[in-house]
Asks: 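Before anything else, here's the structure in question.
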Amino acid sequence: MSTATDATDAAGIAPEAAPGYRARHTLPLRVEAMRQLRRRRTLVVGAVLAVLPFVLIAAFAIGGQPSGRDGRVTLIDTATSSGVNFAATCLFVSAGFLLVVPVALFCGDAVASEASWSSLRYLLAAPVPRARLLLSKLAVALGFSAAAMVLLPVVALAAGTAAYGWGALQIPTGGALPAGTAVERLAIVVAYIFVGQLVTAGLAFWLSTVTDAPLGAVGGAVGLTIVGNVLDAVTALGHWRDFLPAHWQFAWADALQPHLEWAGMVKGTAVSVAYALVLFACAFRHFRGKDVVS
């Protein structure tokens, strides 16, 4: 059984709209945003990201001076130099996996959760056009994903400044950036990390339209992202790794150098956006012809 709620019915004939009906007025973004904001998983994700900087501060206080592994110089070596350094360190340790989880959760849960609650068919029967439903869900999911990525560095900057003081960003390989400039560079870093996570968002959102199990969509997106990271570690692939989004996930480090370099981030952005557009298109195409029975 399918729910006929789009601009045409099963026979391809456009039904007559009810007086006063406007498709763009159905399922307003503010309504969808408030529904998602009140959900427990949203509050849990926000709490985890807000608490992480304090956990790291406690770990540094207990363990002493932080240092990188295997003699490599990383941002962790300068974590306690200033609040800006601490914020950059939090992004460094979380960008590879932790920030993947909220993106996969918000986007993978968007449509599948409605199906698992058996409320999706009622939303479509409201009537909310399918394209409008997906656009609203996707916009809110991406908005919450962006908010999660902003929350972590903002809390880390505030907590780090309170713990280690306000000062210049000490670059591990030598040199420093004035605090004001460093904050601007961190904003670029956060924006790039968000763009890089669009691939995970696309995977999760597409899987959310394919399955009625939210955990399957979320877990599938996280799993495929991990597979991408594993493939990037296979140096035998050579230049083929340039086509993997994971290959460019730390290109934002070029923004934390005395002279800002854009080349790596531009390439990473192009790869991520290309994959994301294809995946989002697959989600809309699949959901448009999907039988909605739950």
Side-chain angles (χ1 to χ4, degrees), residues 33 36-69 72-106 142-197 200 222 249-258 260 265:
Q36 299 302 325
L37 184 61
R38 293 191 182 100
R39 293 190 58 187
R40 182 176 301 176
R41 54 102 159 125
T42 304
L43 301 177
V44 170
V45 168
V48 169
L49 293 176
V51 167
L52 177 63
F54 298 98
V55 173
L56 291 179
I57 289 175
F60 291 150
I62 295 172
Q65 184 66 25
S67 61
R69 295 184 297 178
R72 293 177 298 177
V73 179
T74 67
L75 282 169
I76 296 178
D77 295 276
T78 60
T80 59
S81 299
S82 67
V84 182
N85 274 96
F86 181 72
T89 299
C90 287
L91 287 172
F92 176 72
V93 300
S94 60
F97 180 74
L98 180 61
L99 290 179
V100 172
V101 175
V103 176
L105 183 61
F106 291 133
L142 291 178
F144 275 88
S145 299
M149 293 186 187
V150 171
L151 176 64
L152 177 62
V154 167
V155 174
L157 184 60
T161 300
Y164 309 120
W166 179 257
L169 173 70
Q170 302 300 320
I171 301 173
T173 55
L177 289 175
T181 302
V183 171
E184 295 174 0
R185 299 286 184 88
L186 284 178
I188 295 174
V189 169
V190 173
Y192 178 76
I193 292 175
F194 174 73
V195 172
Q197 295 297 341
T200 300
V222 172
Q249 64 178 325
F250 288 107
W252 55 263
D254 294 338
L256 301 182
Q257 301 298 324
L260 178 61
M265 288 188 287

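Atoms considered below: every heavy atom in the structure, side chains included; atoms not considered: hydrogens, waters and symmetry mates. Since the model is a prediction, treat every value here as computed from it, not as a measurement. For this chain, numbers begin at 1 and follow the sequence in order.
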Asks: Which atoms form the tightest heavy-atom contact between L56 and C90, and what is the distance?
Replies: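 Looking at all heavy atoms of both residues, the closest pair is CD1-SG, 3.6 Å.
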Asks: Quick check for you: to the nearest 0.5 Å, what is the distance between S94 atom OG and L52 atom CG?
Replies: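 Going from the OG atom of S94 to the CG atom of L52 covers 6.5 Å.
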Asks: To the nearest 0.5 Å, tell me how far I76 CD1 sits from F60 CZ.
Replies: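 One gets 6.5 Å once the value is rounded to the nearest 0.5 Å.
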Asks: Donor-acceptor pairs under 3.5 angstrom involving side-chain atoms of residues 143-165: please list them, not counting sequence neighbours.
Replies:
unit_1, atom_1, unit_2, atom_2, d
S145, OG, A141, O, 2.8
T161, OG1, L157, O, 2.7

Asks: If you round to the nearest 0.5 Å, how far is CG of L91 from CG of L99?
Replies: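 If I round to the nearest 0.5 Å, the distance is 7.0 Å.
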Asks: Can you check whether F194 reaches V103 side chain to side chain, under 4.5 Å on heavy atoms?
Replies: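 No, every pair of side-chain atoms sits at 4.5 Å or beyond.
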Asks: What's the spacing between I193 CD1 and F250 CZ if we round to 0.5 Å?
Replies: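 The CZ atom of F250 is 8.0 Å from CD1 of I193, to the nearest 0.5 Å.
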Asks: Using modelled atom types only, decide if a donor and an acceptor are shared between the side chain of T78 and the backbone of N85 within a distance under 3.5 Å.
Replies: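 Here the side-chain-to-backbone pair does not exist.
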Asks: Run L49 and L98 through side chain to side chain contact (heavy atoms under 4.5 Å, CB included) and show every step you take.
Replies: CA-CA 9 Å; L49 293 176; L98 180 61; 4.1 Å; yes
Asks: Side chains of Q249 and Q197: does their closest heavy-atom pair fall under 4.5 Å?
Replies: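 No, too far: nothing below the 4.5 Å cut-off.
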Asks: At their closest point, which heavy atom of L37 faces which heavy atom of L43, and how far apart are they?
Replies: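 Shortest heavy-atom separation between L37 and L43 comes out as O-CD2, 3.9 Å.
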Asks: When you measure from the side chain of S82 to the backbone N and O of A168, does any donor-acceptor pair fall under 3.5 Å?
Replies: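 At least one qualifying donor-acceptor pair exists.
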Asks: Side-chain atoms of residues 177-189: list all donor-acceptor pairs with protein atoms under 3.5 Å, sequence neighbours left out, distances to 0.1 Å.
Replies:
unit_1, atom_1, unit_2, atom_2, d
R185, NH1, A255, O, 2.8
R185, NH1, Q257, O, 2.7

Asks: Decide yes or no on side chain to side chain contact (heavy atoms under 4.5 Å, CB included) for V84 and W166, but give the supporting numbers first.
Replies: CA-CA 7 Å; V84 182; W166 179 257; 4.1 Å; yes
Asks: From D77 CG over to T89 OG1, what is the distance, rounded to the nearest 0.5 angstrom?
Replies: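 Interatomic distance, D77 CG to T89 OG1, rounded to 0.5 Å: 9.0 Å.
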